[in-house]
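Have a look at the structure below, then the notes.
Here is how names work: the chains are called A, B, and so on, in the same order as the sequence lines, proteins then strands, and each is numbered from 1.
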Amino acid sequence: MDIDARIKRRQHRTDEPRLVEDYESLAPVSHVSEPSDRGPVFERLLDHLDPVFDGQLPPNAYVYGPFGSGKSAIVTALFAHLDRLSTENSSVIHTSTRASTPVSPAFAYLDLRELASEFALYGGLLDAVVDDSVPDHGVSTEELRERLRDVLGGSRAGIVVAVDHVYESDDIGAAELLDVFAGLPSNLSWLAVGRNRPEEVALTEHTANTIRVERYRRETLVDVLMTRASLGLTQQALDHELARRIADWADGNAHHALAALFVATDRATTANRTHLTESDVASAFEEFPGSSVSLGRVLALPANKQFVLRKLIDLDADECASVAATTEAISADPSVDLSRGTVKRYLYEMAETGVVERVESESATGKGRPPSRVELRFPPTAFRRLYDLNR
DNA sequence: GATCCACGGGAATACACGGATG
DNA sequence: CATCCGTGTATTCCCGTGGATC
């Protein structure tokens with residue numbers, strides 16, 4: 001992606017000066033193929049995966065580290081490379097019916113943010129392993145599992161699966177995950193990725209290795225920001241001093257740093273500037289709620305929930321006095337064809353998962369349980385821009 | 001015809017308050 | 001005084017239905 005982005009940037013060069021050259025490179029939810037300065041972690045992951053190069057499966061493992069430490073970036077990049085490598089050696093399984101004779105394992109990356117059921121999990125696995133398209137309707141979970149068993153059973157080398165964002169899903173917890181793996185052939189090795197410390201996690205009873213990812217150091221984070229800016233923004237748009245300011249503020253969290261850069265860029269763009277200023281950055285900081293959830297989580301929500309959120313972020317404060325009022329305001333929009341009940345349920349469900357937060361209103365009017373309003377737990381400008389880009 | 005899942009809607013439960021009760 | 005009860009809201013839970021797809 002890095003090289004593509006650089007090429008695209010040149011292609012899109014116009015006479016008119018503009019700030020953003022490539023939104024995709026700038027988006028805080030996209031990962032680059034060569035994360036900066038993460039050499040040591042790559043080495044430790046490769047140490048763990050070493051048996052693969054002799055055609056063997058590594059044991060199970062757990063990768064952990066704090067929010068924004070680059071776990072997903074590293075694992076997606078590494079697995080993409082490994083997968084490409086093993087495909088080039090024609091060692092993967094090609095169709096569900098006819099398996100070639102693999103000499104090294106296949107690699108799959110699954111994100112539990114996007115796979116919300118056992119059915120979807122099997123589908124994701126099957127999709128990673130088979131060329132044919134995988135049905136998402138009309139076939140039973142059992143059937144899907146059988147197909148997967150067949151394919152894996154016929155594969156000599158097996159598969160290494162990275163499962164990202166464990167312990168973030170309400171639908172699939174550690175128990176469900178272990179159940180799924182238990183029902184599959186043993187030539188499957190998994191690499192779970194999460195934020196929780198290994199000692200407080202049941203999955204580690206099934207792992208031989210744990211690999212820790214440290215939060216970013218400030219200098220590294222500055223590099224990350226400068227690299228992103230060089231990919232996504234016009235020349236000289238972000239000066240080093242501002243990148244430093246953002247890195248300080250983000251305190252090692254690359255997600256927050258990149259999201260802040262993204263929001264600041266949006267401000268500068270609306271103001272028709274071709275470089276970022278102090279005030280762009282400052283107002284980006286202000287837009288972050290006290291504790292912000294990952295934009296990746298927001299953007300992994302089902303389409304209609306995102307739609308409701310998209311409407312929500314455009315409401316005035318007085319329309320958000322209570323959940324009922326918010327529901328009413330959103331439903332009043334003619335482009336919303338969801339029922340009031342559903343809109344309201346969505347709001348409550350999203351509050352439950354932490355994407356928004358319910359705060360009780362202090363105005364006790366006497367009668368009944370006091371209402372609460374929902375507050376965003378993510379920077380709205382970032383979501384607005386990313387959402388609109390995808391439509 | 002079978003399947004999954006998103007929706008819709010309603011039942012059950014929680015909470016806050018004031019007033020009645022022991 | 002502490003507890004219970006009734007009422008009115010808010011919130012959570014749950015299940016049937018139907019669309020889309022195989």
Side-chain angles (χ1 to χ4, degrees), chain A residues 95-97 110-151 165 168-173 175-177 179-180 183-184 297-312 315 317-377 387 390-391:
Chain A
T95 71
S96 52
T97 47
L110 301 183
D111 188 348
L112 285 193
R113 280 175 180 160
E114 287 164 0
L115 302 170
S117 70
E118 204 173 312
F119 179 83
L121 205 53
Y122 287 126
L125 272 169
L126 203 51
D127 196 41
V129 142
V130 155
D131 279 346
D132 319 355
S133 71
V134 177
D136 55 351
H137 279 288
V139 63
S140 73
T141 307
E142 197 54 35
E143 156 87 25
L144 222 48
R145 187 204 338 236
E146 284 310 318
R147 282 201 216 175
L148 191 54
R149 269 203 199 129
D150 287 349
V151 177
H165 304 115
E168 266 186 56
S169 162
D170 300 317
D171 308 288
I172 300 189
E176 286 78 8
L177 199 56
D179 278 350
V180 164
L184 294 174
R297 241 178 97 188
V298 182
L299 293 163
L301 290 169
N304 275 339
K305 280 192 180 170
Q306 289 193 51
F307 183 63
V308 167
L309 277 184
R310 180 64 186 85
K311 295 297 171 190
L312 174 62
L315 295 182
D318 59 314
E319 292 173 304
C320 296
S322 68
V323 173
T326 308
T327 302
E328 185 51 39
I330 291 174
S331 303
D333 187 319
S335 63
V336 178
D337 62 350
L338 296 164
S339 82
R340 270 146 225 250
T342 299
V343 171
K344 186 185 277 187
R345 181 166 53 78
Y346 279 3
L347 290 174
Y348 281 120
E349 284 178 2
M350 291 191 289
E352 191 62 30
T353 58
V355 168
V356 295
E357 184 173 17
R358 279 197 313 114
V359 298
E360 285 217 346
S361 67
E362 50 298 318
S363 58
T365 46
K367 288 281 179 210
R369 185 174 176 169
S372 49
R373 64 200 152 78
V374 293
E375 286 184 356
L376 306 177
R377 293 250 265 147
Y387 181 90
N390 290 329
R391 312 292 133 170

Is it the case that the side chain of [X] and the backbone of [Y] share a donor-acceptor pair, with hydrogens and angles ignored and the cut-off at 3.5 Å?
| X | Y | result |
| --- | --- | --- |
| A/T326 | A/S322 | yes |
| A/E114 | A/D111 | no |
| A/Q306 | A/Y387 | no |
| A/R149 | A/G183 | yes |

Would you indicate what [X] reaches in the nucleic acid, counting non-hydrogen atoms under 4.0 angstrom: base, sugar-phosphate, or nothing?
| X | answer |
| --- | --- |
| A/T342 | base |
| A/R358 | sugar-phosphate |
| A/E143 | nothing |

Distance check needed: [N] [atom2] versus [X] [atom1], whole Å only.
| X | N | atom1 | atom2 | result |
| --- | --- | --- | --- | --- |
| A/D171 | B/dC4 | CG | P | 15 Å |
| A/L301 | B/dA6 | CG | P | 11 Å |
| A/L144 | B/dA2 | CG | C1' | 14 Å |
| A/Y348 | B/dC15 | OH | P | 13 Å |
| A/R373 | C/dT9 | CZ | P | 21 Å |
| A/Q306 | B/dA6 | CD | C1' | 15 Å |
| A/K344 | C/dT11 | NZ | P | 8 Å |
| A/E146 | B/dA2 | CD | P | 19 Å |

- Within the structure, does a side-chain N or O atom of A/S372 lie under 4.0 Å from either OP1 or OP2 of C/dT11? yes
- Query: Any side-chain N or O of A/T141 under 4.0 Å from OP1/OP2 of B/dC4?
  - Reply: yes
- Message: Can you say whether a donor on the side chain of A/R345 sits under 3.5 Å from an acceptor on the base of B/dG8, or the other way round?
- Response: yes
- Query: Is there a donor and acceptor pair closer than 3.5 Å between the side chain of A/H137 and the base of B/dC4?
  - Reply: yes
- Mind checking whether A/E176 and A/E118 have side chains closer than 4.5 Å, heavy atoms only? no
- Task: Not counting sequence neighbours, list each pair that qualifies as a salt bridge (charged side-chain N to carboxylate O under 4.0 Å, His left out) and has a residue in residues 330-348 of chain A.
- Result: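 Every pair satisfying salt bridge (charged side-chain N to carboxylate O under 4.0 Å, His left out) with a residue in residues 330-348 of chain A: A/K311-A/D333, A/E328-A/R340, A/R345-A/E349.
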- Task: Begin from the C-alpha positions of A/Y348 and A/V374 and carry the test side chain to side chain contact (heavy atoms under 4.5 Å, CB included) through to its verdict.
- Result: CA-CA 9 Å; A/Y348 281 120; A/V374 293; over 6 Å; no
What's the closest nucleotide to the side chain of [X] if the choices are [options]?
| X | options | result |
| --- | --- | --- |
| A/R369 | B/dG9, C/dC22, C/dG8 | C/dG8 |
| A/S140 | C/dT21, B/dG8, B/dT3 | B/dT3 |
| A/K367 | B/dA16, B/dG8, C/dG8 | C/dG8 |

- Those residues that, when tested against A/E357, pass side-chain contact (heavy atoms from CB on, under 4.5 Å) (two or more places apart):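 A/V359, A/R377.
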- Task: Mind running a 4.0 Å heavy-atom check of residues 114-126 of chain A against DNA chain B and sending the residues that fall below it, in number order?
- Result: A/S117, A/F119
